[in-house]
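The structure under discussion appears below in the form of structure tokens.
Just so we're clear, the structure is a prediction, and the values are computed from it rather than from any experiment. All ligand and atom numbering here is 1-based and tracks the order in the structure.
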Amino acid sequence: MSDPRIIVALDFASVEEAQTLVARLDPAHCKLKVGKELFVATGPALVANLVDQGYDVFLDLKFHDIPHTVAAACRAAAKLGVWMLNVHALGGRAMLSAAREALEITPSRPRLIAVTVLTSLQDADLAEVGISGGAQQAVSRLSQLTQDCGLDGIVCSAHEVAALRRERGKDFLLVTPGIRPAQAERGDQARIATPREAIQTGASYLVIGRPITQAPDPLAALEAILQEIDLT
Ligand code: C5P
């Protein structure tokens with residue numbers, strides 16, 4: 001499998017826990033996501049090590065700052081050899097463009113995607129911070145801005161994928177968390193979709209954490225999901 005569609009979220013607080021899981025996976029079958037908890041607890045050396053082990057790594061640090069600072073952070077991430085990284089679309093046009101331009105001059109340009117609206121925010125929360133019109137409208141507007149600025153895609157809920165695929169065209173990356181195989185525990189995820197539903201409606205990559213990381217046999221859990229999304 002040259003471009004695995006599953007990104008396993010390494011939501012751990014230590015190198016040991018992360019590496020124990022990684023040792024049971026295979027870079028031919030999945031990519032990995034390193035988020036704020038693991039990165040802050042363990043630092044960039046782990047990311048470089050995962051890249052050395054052959055994994056495509058999505059560095060999920062959601063940069064949001066002035067354009068100069070975000071551009072510098074993106075360059076630093078690219079030096080670690082990550083496959084994909086992300087920023088907040090709410091950083092605005094200049095920040096998004098600066099991030100993209102910073103990566104253009106790196107040797108193997110990582111993919112750059114944006115978070116539009118955090119799924120933890122309800123319409124009332126958005127109104128409180130001055131964003132009127134509701135989450136759906138904000139997601140649509142910010143995904144358009146992201147595409148206009150030349151980024152590769154966005155993070156979105158599986159429930160938004162079908163509409164966004166129509167709006168943004170076939171090549172825009174739609175990366176979806178909140179995925180639960182039919183038999184799995186929901187955990188704290190409320191608006192979930194199965195891997196098959198997400199892929200069928202147009203998701204590019206699926207971010208999956210606990211259904212794999214907490215499974216008694218993580219590799220078997222991953223393989224069951226890969227079978228589920230094999231639409232051939
Ligand atoms: O364990 P689970 O499959 O719920 O993990 C999903 C991963 O995706 C976690 O790393 C979580 O932080 C991330 N995520 C999410 N929902 C979003 C954005 C990111 O669950 N809207």
Checklist entry - Hey, which of V22, V82, I7 is the one that makes side chain to side chain contact (heavy atoms under 4.5 Å, CB included) with Y55? => result V22
Checklist entry - When you measure from the side chain of N86 to the backbone N and O of L61, does any donor-acceptor pair fall under 3.5 Å? => result yes
Item to check | Donor-acceptor under 3.5 Å (S97 side chain, C149 main chain) | outcome: no
Checklist entry - Between R100 and T146, do the side chains contain an N or O donor and an N or O acceptor separated by less than 3.5 Å? => result no
Checklist entry - Can a donor-acceptor pair be found between the side chains of S14 and E17 at a distance below 3.5 Å? => result yes
Could you go through ligand 1 and list every pair where one of its N or O atoms sits under 3.5 Å from a protein N or O, giving the atom names and the distance to one decimal?
unit_1   : atom_1 : unit_2 : atom_2 : d
ligand 1 : 1 (O)  : R210   : N      : 2.7
ligand 1 : 1 (O)  : R210   : NE     : 2.7
ligand 1 : 3 (O)  : R180   : NH1    : 2.9
ligand 1 : 3 (O)  : G209   : N      : 2.8
ligand 1 : 4 (O)  : R180   : NH2    : 2.8
ligand 1 : 4 (O)  : Q189   : NE2    : 2.9
ligand 1 : 4 (O)  : R210   : NH2    : 2.8
ligand 1 : 10 (O) : D11    : OD1    : 3.2
ligand 1 : 10 (O) : D11    : OD2    : 2.7
ligand 1 : 10 (O) : K33    : NZ     : 2.9
ligand 1 : 20 (O) : Q189   : NE2    : 2.7
ligand 1 : 21 (N) : T119   : OG1    : 2.6

Next on the checklist: If you count heavy atoms of other groups shown closer than 6.0 angstrom to CD of E101, is the number above 12?
Outcome noted: yes
